[in-house]
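What you are looking at is a predicted structure, and each value in this text was computed from that prediction instead of being measured. No hydrogens, no waters, no symmetry mates; every other heavy atom, side chains included, goes into these values.
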Amino acid sequence: MISQKKLLREVSGWLKVFEDGSTDRTWTGPSEVQFMVETVQPHEEFINGVATRDVVVDKDSGLQVRIYLPEIKPRDEIKLPIILHFHGGGFCISRADWYMYYHMYTNLARSAKAIFVSVYLRLAPEHRLPAAIDDGWSALLWLQSLAQGDSYEPWLVDHADFNRVILLGDSTGGNIVHELAARAGKVDLNHMRLTGGILIHPGFVRSTRSRSELEQPESPMLTLDMVDKFLSLALPVGSSKDHPITCPMGSGAPDLVTLKLPPFLLCVAEMDMIVDTEIEYYEAMKKAEKDVELLISPGVAHSFYLNKIAIEMDPQTASQTEILISRITEFINKH
């Protein structure tokens with residue numbers, strides 16, 4: 001008789017964690033949306049104006065990034081900004097090569113005329129925080145090694161402006177943006193300059209439920225069950241949601257006043273379940289006299305711009321996605 005592994009924790013549709021420590025991230029939700037979580041193979045030829053490739057940036061750990069290079073005219077000698085991207089997923093799921101990210105960030109690479117570098121983050125619970133933060137930092141140091149000539153990646157060395165590096169993160173990837181910007185502010189990034197950070201629907205929460213968590217409807221991209229279970233699996237053992245990574249505006253986090261941060265663009269969605277704590281972060285940043293712009297997308301929910309079906313079916317989602325891409329492009333061009 002074949003013994004079955006005992007299920008310890010399940011996040012419906014997304015993740016199963018077993019008692020022996022193994023995990024299963026096979027999508028078990030509605031089949032009609034499965035395409036969004038399927039991998040897209042890299043293609044070094046230009047398709048719709050963008051080429052992609054996967055590169056190992058740390059041979060010891062095997063850490064990889066996916067590079068999105070927008071097509072450049074042969075006579076165009078302009079150097080392009082670098083956008084270092086961190087995917088969401090509650091630190092527990094998703095990959096840099098998922099279709100939902102490929103669809104969004106090929107669009108942004110074309111719009112902003114920028115090189116996107118998306119990190120394949122280690123996932124919890126196998127790799128609890130700060131593993132994803134450390135992966136982001138390793139990727140940033142790899143960019144610095146390219147700028148200094150200690151490493152070589154032709155797409156970046158030939159086309160990138162290392163004096164215009166911007167961090168960008170979706171959902172919990174936005175948490176990584178804050179953490180890395182704060183860490184970068186304490187060191188000298190020789191031959192490279194961090195000029196901005198873009199946080200899209202960052203996963204900022206508290207242990208106590210916010211009003212929006214209690215009153216906003218759940219969405220396909222975020223439910224209370226996902227928030228609670230993912231963070232319980234991702235945060236250091238014994239930590240609560242008041243941990244500095246998930247609550248950088250809380251009393252347990254470094255005082256925002258003391259942090260040296262580049263200009264930020266904070267993007268929030270009006271119908272996001274965690275919009276109240278995202279706005280709390282914005283207000284704390286303004287009180288600390290940090291340079292932070294706010295974009296509120298009305299009538300849409302968490303990570304709406306990654307939902308291709310909603311973009312095609314709902315005019316509000318489509319128009320707000322266009323506005324989001326436009327504002328991000330504007331911020332990149334300004335910094």
Checklist line | Test log, rule side chain to side chain contact (heavy atoms under 4.5 Å, CB included), inputs Cys267 and Leu324 | finding: CA-CA 8 Å; Cys267 307; Leu324 178 66; 3.8 Å; yes
Which of parallel (below 30°), tilted (30 to 60°) and perpendicular (above 60°) describes [X] and [Y]?
X: His201; Y: His302; value: tilted
X: His85; Y: Tyr105; value: tilted
X: Trp14; Y: Trp98; value: parallel
X: His87; Y: Tyr101; value: tilted
X: Phe116; Y: Tyr68; value: perpendicular

Please answer whether the main-chain N or O of [Y] pairs with a side-chain N or O of [X] as donor and acceptor at a distance below 3.5 Å.
X: Asp242; Y: Ser207; result: yes
X: Ser145; Y: Asp150; result: no
X: Ser171; Y: Pro202; result: no
X: Thr195; Y: His335; result: yes
X: Asn175; Y: Ile245; result: yes
X: Ser326; Y: Glu322; result: no
X: Arg128; Y: Leu235; result: yes
X: Glu153; Y: Trp155; result: yes
X: Glu270; Y: Ile296; result: no
X: Asp58; Y: Leu63; result: no

Next item on the list: Report the distance from atom CZ of Arg183 to atom CG of Leu259, rounding to the nearest 0.5 Å.
Entry: 13.0 Å
Notebook entry, point to check: If you round to the nearest 0.5 Å, how far is CZ of Arg327 from CD1 of Ile325?
Noted result: 14.0 Å
Note to self: According to a hydrophobic-cluster definition based on side-chain heavy atoms being under 4.5 Å apart (Ile, Leu, Val, Met, Phe, Trp, Tyr only), do Val37 and Tyr120 belong together?
What the structure shows: no
Check: Are Phe331 and Tyr281 joined in one hydrophobic group, where the rule is that I, L, V, M, F, W and Y side chains link up if heavy atoms are under 4.5 Å apart?
Finding: no
Do we see a donor-acceptor contact under 3.5 Å between the side chains of [X] and [Y]?
X: Ser232; Y: Arg9; answer: yes
X: Thr329; Y: Ser111; answer: yes
X: Thr223; Y: Asp225; answer: no

Note to self: Less than 6.0 angstrom separating the ring centers of Tyr102 and His43, yes or no?
What the structure shows: yes
Note to self: Please determine whether the number of non-hydrogen atoms from other residues, nucleotides or ligands lying under 6.0 Å from atom CD of Glu215 exceeds 12.
What the structure shows: yes
Notebook entry, point to check: Taking NZ, NE, NH1 and NH2 as the nitrogens, is one of them in Glu283 or Lys287 under 4.0 Å from a carboxylate oxygen of the other?
Noted result: no
